Amino acid sequence: MKQLVELKVNGESYETAIDPHRTLLEVLRENIGMTGSKEGCDLGACGACTVVIDGKAVLACLTLALEARGKEITTIEGLAKDGKLHPLQQNFVDHGAIQCGFCTPGVIMSAKALLDENPKPTQVEIKRGISGNLCRCTGYTKIVEAIEVTAK
Amino acid sequence: MRLPKFEYLEPKNVKEITSLLKKNEDAILIAGGTDILPKMKQRIVTPKYVINITKIEDLKKIEFAEKKGLTLGSLATLDNISKSKPVIEKFTALAQAAGRVASPQLRNMGTIGGNISIESMCMYFNQSHEWRKGRPHLCFKLGGDRCFVAKGSKDCLALFQADTPPALIALGAQVTIVGATGKEKIINIEDFYTQKSKKVNILKPTDFVKQIHIPTPPKGTKSCYLKMAQRAAIDYPIAGAAACITVSGGKCKNAGIAVTAVGSGPLRLKEAEEVLIGNSITDELIEKAADAAYEKVRPMPHFNISAWYKRKLIRVLVKRSIKQACSKAK
């Protein structure tokens with residue numbers, strides 16, 4: 001049976017009627033229309049669907065939308081403010097850390113959660129922080145560089 | 001892949017969990033959801049009711065007191081455990097094991113209760129519905145009559161690969177299980193496992209894990225968990241070993257050694273422990289303990305890992321974990 005749910009995404013409230021078996025990723029993409037978070041493996045192994053919930057990076061494909069009620073959800077769409085890119089996004093562009101771009105929203109959300117918790121991470125900590133995100137283009141060096149520059 | 005349809009329930013306290021489990025047959029509990037949701041997507045389990053217990057704040061605590069020891073609510077996340085100060089200082093092996101599970105995102109979601117009750121994994125079982133449908137027979141784990149891991153096997157041979165159970169066994173943890181009557185039962189974590197791949201733990205459909213308790217280790221105790229995996233993250237161990245050593249007056253007073261990913265459950269290696277207890281620890285003695293571990297384990301080949309390699313790896317990991325624990329214990 002459908003339930004009326006209020007989700008707080010990027011500081012704004014969205015009300016939508018959903019079945020309990022819908023994941024947060026499905027609701028974000030299909031009901032709310034935020035297609036920034038990507039569906040990769042859909043089984044929790046790739047990190048493409050990473051969003052930040054209450055300050056922690058989690059996988060939207062393995063979170064039930066009903067579970068996310070009353071929590072602060074941040075997606076890639078919530079980073080740019082007033083038409084200006086978030087420093088992480090800008091550095092990803094400047095350093096060529098985007099190849100095909102499919103993993104980028106997930107990596108940036110992982111990096112954001114990491115930098116919010118630890119503003120000055122070492123290179124090892126950065127690599128560990130984004131270890132849950134697979135980049136099929138294998139462009140990890142530039143991703144790590146972009147995050148390092150942002151942390152400086 | 002979409003999830004199958006189900007009804008969603010959200011208990012607010014521990015009592016409600018028991019009553020919901022008793023009232024609704026074919027219900028499953030979900031906390032982190034990192035193990036059960038993929039299996040539901042693959043239609044391995046299709047419960048009628050899903051009971052989300054994550055709203056119960058009582059079960060999320062990580063409490064430590066010198067006298068009482070460490071109490072972990074079953075909903076404490078692996079990330080919080082691996083970063084908790086008392087756990088890192090006094091229960092190092094657990095912090096290391098929790099910090100090596102899967103990836104940062106999965107550690108933020110996954111709970112200790114879920115990690116210890118995780119099912120065994122198998123490449124013939126953890127597959128999509130379409131994949132499994134393509135095979136003419138069902139395996140033991142899906143209610144069939146054969147095992148694809150080893151032809152002619154009379155039992156399921158899926159591999160148990162969780163990281164935290166060997167650390168908890170080495171540290172002497174106890175699990176509190178709440179049963180159908182609401183009565184609590186406290187058991188040693190070794191007795192939590194059946195050593196049968198088809199049903200890895202002793203939990204009945206109406207049972208759930210409430211908390212895990214580890215007594216404060218005596219002075220001079222140090223522990224260590226080592227994991228070998230093909231990748232540094234998002235991977236199960238090829239093998240993992242935990243050692244907890246108490247050194248007093250130059251001699252080993254107590255030892256706990258356990259390994260994972262060698263069979264149908266986490267394995268405590270009493271033979272290796274006995275080699276150490278009562279003796280002063282030298283490199284030779286550690287070699288002997290590692291040999292005892294090598295003699296005890298009988299792993300199956302898994303993916304591209306041969307049984308021979310895995311057995312040798314256990315010897316190395318047991319040796320190194322004892323060495324690392326001892327180097328800190330002195």
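Note that the structure is predicted; figures quoted are calculated from it, not measured. Chain naming here is simple, since letters A, B, ... match the order of the sequence lines and numbering starts at 1 in each.
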Neighbour count above 12 (heavy atom, 6.0 Å) for [X] [atom1]:
| X | atom1 | result |
| --- | --- | --- |
| K48(B) | NZ | no |
| R135(B) | CZ | yes |
| R43(B) | CZ | yes |
| K142(A) | NZ | no |
| R132(B) | CZ | yes |

Most heavy-atom pairs under 4.5 angstrom with chain A, which of K5(B), M1(B), R2(B), Q42(B)?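 That would be R2(B).
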
What residue in T77(B), L3(B), T34(B), T54(B) has the most heavy-atom pairs under 4.5 Å with chain A?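 Heavy-atom pairs under 4.5 Å are most numerous for L3(B).
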
Is it the backbone or the side chain of [X] that comes under 4.5 Å from a heavy atom of chain A, or both, or neither?
| X | value |
| --- | --- |
| D79(B) | side chain |
| I30(B) | side chain |
| K39(B) | neither |
| N80(B) | side chain |

Chain B: which of G47(A), C61(A), C46(A) shares the most heavy-atom pairs with it under 4.5 Å?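 Of the options given, most contacts go to C61(A).
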
For chain B, which candidate among L64(A), N133(A), T63(A), L62(A) shows the most heavy-atom pairs at distances under 4.5 Å?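 Greatest number of close heavy-atom pairs with chain B: L62(A).
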
K41(B) side chain vs L43(A) backbone, donor-acceptor pair below 3.5 Å: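 Side chain of K41(B) to backbone of L43(A): no pair is present.
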
Check: V58(A) main-chain N/O paired with N108(B) side-chain donor or acceptor under 3.5 Å: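 No; judged by distance alone, with no hydrogens or angles, the pair does not exist.
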
Considering only heavy atoms from C-beta outward, does the side chain of [X] approach that of [Y] to under 4.5 Å?
| X | Y | value |
| --- | --- | --- |
| S131(A) | P104(B) | yes |
| Q105(B) | V52(A) | no |
| E67(A) | Y8(B) | yes |

Of all the residues in residues 3-30 of chain A, which have a heavy atom that comes within less than 4.5 Å of a heavy atom in chain B?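 Expected list: P20(A), H21(A), R22(A), T23(A), E26(A), E30(A).
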
With a strict 4.5 Å heavy-atom criterion, list every residue of residues 84-102 of chain A that contacts chain B, or say none.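 Residues qualifying by a heavy atom under 4.5 Å from chain B are absent, so none.
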
About how many Å separate [atom2] of [Y] and [atom1] of [X], when rounded to the nearest 0.5 Å?
| X | Y | atom1 | atom2 | value |
| --- | --- | --- | --- | --- |
| S103(B) | L134(A) | OG | CG | 9.0 Å |
| L66(A) | E10(B) | CG | CD | 7.5 Å |
| C41(A) | I234(B) | SG | CD1 | 8.0 Å |

